[in-house]
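One structure is given below, encoded as C-alpha cells.
Basis for what follows: all heavy atoms, side chains included, without hydrogens, waters or symmetry-related copies.
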Protein chains: 2
Amino acid sequence: MTIRVLLVDDHAVVREGYRRLIEKHQGISVVAEAEDAASGYQAFKCHGPDVVVVDVSMPGRGGIDLVRQIRQLDCDARILIFTMHASATYAQQAFRAGARGYVTKSSPPDVLVSAIRSIYSGRPALCAEINEIIAASSLSDGMSVVDELSPRAFEILRMILEAKSTDEIAAAFNLSPKTVANYHYEIKSKLGVRSDIELVYLCMRQGLVAPLAEQAV
Amino acid sequence: MTIRVLLVDDHAVVREGYRRLIEKHQGISVVAEAEDAASGYQAFKCHGPDVVVVDVSMPGRGGIDLVRQIRQLDCDARILIFTMHASATYAQQAFRAGARGYVTKSSPPDVLVSAIRSIYSGRPALCAEINEIIAASSLSDGMSVVDELSPRAFEILRMILEAKSTDEIAAAFNLSPKTVANYHYEIKSKLGVRSDIELVYLCMRQGLVAPLAEQAV
DNA sequence: GTTTTCCTCGGGAAATTTGCCCAGGAGCCT
DNA sequence: AGGCTCCTGGGCAAATTTCCCGAGGAAAAC
C-alpha cells in the first residue's frame, strides 16, 4: 500500500519537480495536483489523499486557509506545509490551522519525502531550519506577538503602518513626538524586528496591512 | 550535441525539480548547479555552460547582479531568468543586465524547456505572463519611477526591500556603508517617498515585493 | 489596604541615520 | 576633447533612533 499524496502549489514547474522527486521513492505516489486553494479543496474531496502537501503563498486564499478548510471537513487530514518561508509566525499559524508539518523549500530534497512519511505515520514534521527559528523566536511567547501590545501602542502602530510621520502621529494623539518615538521603539523591540520594513512585513502577515497596500502615498 | 545547462537557485528541492524536468528532454542536460551568485559565477567559469538558468531572489547578491557579472566575463553568455516575480520592472532590469530570457515559475513546465532551446539558438524568450504584463504596463503609461534608478541603485533597493541593514548590504556588495546610505537616500528621493514604509508600499504596487510580503523575518 | 504590576507619558544622552553637497574616476557617446 | 551618467565615498549639521530612567495613575493581586 502506497501513501497517496495530493500536491497543492501554484507553480506548475514546481509541482512537476515535486512529483518526480516523490515518485522516485517506493511507497509514495502523487494522486492529484492542484494549483490553488479552491481546486485543492475539491481535489481533497475527490481523492481523499493520505497526505496533502501545500504551499502557503498562492493567489487567492492562501495555503493556510486551505489547511483550515480541509480540517473542517476531515479533522484527521494530514497536511504538510512546504514553503520557502522560514517564518515562525507562518509555522505557528499553520499549526494552529491544523497542519501536521512544516518544511521549507531550502531543505535537502529528501527531507520532503521523509516529512511525508512522518506525517503519514502520525508524527509531526519540522525541518531543521524551522526548528531553529521557532526555538529562537518563541522561547517566551507562543501567541500572536502583536496581541501583546498595549492599546496605545497598537493605535500608534496603526498610524505607523499608514506611513505617518512621528510628528503627524504626535499631533493626531496630542502627544509629545518624544512619546511617539518611544512607542515606536517599544513596538519594534517587543515585536522583535530590527527595522520599519521588517515591521511592515510582520504586520502584513498578521493581516494588519491591506494585502495590496493601497496606501495613499 | 546537447545543450549544457547551469542551474542557479537557492532552493535545493527546486533545483532538483528543474533538473529532473530538464533531463527528461532530449538534447538538454544539467552540467552544474549553484545555490547563490558567488558559486554560480564560479560554476560558470568552470563549466562554460551553453545556457544559465537563474533565479532572481537569492541570499547575498541577487540573480540580476549575477547576470551582469557573467556577461562581463563572457558577453555571449545566454542567461535565462526564471523567477516567481511577474514584474515588468524586474524583466526590464534583467534584460538591461544582459539576460536573454525571462520566464515565470507559474508558466507551464515545458515553457522552461522551450525557453532554454530558444535562448540557445539565439532567440530571446519571454513567457506569456510577462508579455502580457509588459504590454499592459507599457501602454498604460511610460515607465514607472522605479525604472529610472541606475542598475546599482536597483540592486540596493532589492536588498532594502529584503529588510537588510545598511551594513549588511555594504558587506554583500563590498561597498562602504556610507555609499549604501547615499543610495538609500537617493532611491527615496528619486521615488518621492518620505520613509521606508512608503517605499515598501510603492514597491509593492510596482510588483517588486510579493503581495503577501512573504519575507522571512 | 497595600503591594505589585502594567500602562501612559516624557526627559536625557549617546549612537546612528538623514539630508544634501561635493568630487574624483570610469565609461560611454558625439 | 568635452559632456554624459554612473559608481564610489567623504563631510557635516540636523534629525532620529536607541536605550535607560522616573513619575503618576489605574487595575489587579496579595
Between C1' of D:dC6 and CD1 of B:I156, the distance in whole Å = 12 Å

inquiry  = Whole angstroms only, please: what is the CG-P distance between B:L149 and D:dT5?
reply    = 15 Å

query = Rounded to the nearest Å, what distance is computed from the CG atom of residue A:D196 to the P atom of nucleotide D:dT17?
reply = 7 Å

request  = Mind listing the residues from residues 175-188 of chain B sitting with a heavy atom below 4.0 Å of DNA chain D? Number order is fine.
outcome  = B:L175, B:S176, B:K178, B:T179, B:N182, B:Y183

task = Could you tell me the separation between the NZ atom of B:K190 and the C1' atom of C:dT18, rounded to a whole number of Å?
result = 18 Å

task = Check B:C127 against B:S107 and note the closest heavy-atom contact, atom names and distance.
result = CB-OG, 3.4 Å

key: Short side-chain N/O contact from A:S189 to OP1 or OP2 of D:dC19, under 4.0 Å   = no

key: B:F173 CZ to D:dG9 P, straight-line distance once rounded to whole Å   = 13 Å

message = Can you confirm whether A:L157 sits close enough to A:C203 that some side-chain heavy atom of one is under 4.5 Å from a side-chain heavy atom of the other?
response = yes

inquiry  = I'd like to know whether B:S39 forms a side-chain hydrogen bond (donor to acceptor under 3.5 Å, both in side chains) with B:D36, so could you lay out the CA-CA distance, the side-chain angles of the two residues, the decisive distance to 0.1 Å, and finally the verdict.
reply    = CA-CA 6 Å; B:S39 53; B:D36 56 28; 2.6 Å; yes

query = Is B:E23 salt-bridged to A:R20, going by a charged N under 4.0 Å from an acidic O?
reply = no

ask   = How far does CD1 of B:I116 sit from CG of B:D50, to the nearest 0.5 angstrom?
value = 11.0 Å

key: Separation of C:dT17 P from B:E168 CD (nearest whole Å)   = 12 Å

ask   = After noting the C-alpha distance and the side-chain angles of A:Y18 and A:K105, does the key distance pass the side chain to side chain contact (heavy atoms under 4.5 Å, CB included) rule?
value = CA-CA 11 Å; A:Y18 298 173; A:K105 289 188 183 175; 2.7 Å; yes

ask   = Please give, in whole Å, the distance from D:dT17 P to A:R194 CZ?
value = 16 Å

ask   = Please give, in whole Å, the distance from D:dT8 C1' to B:E155 CD?
value = 16 Å

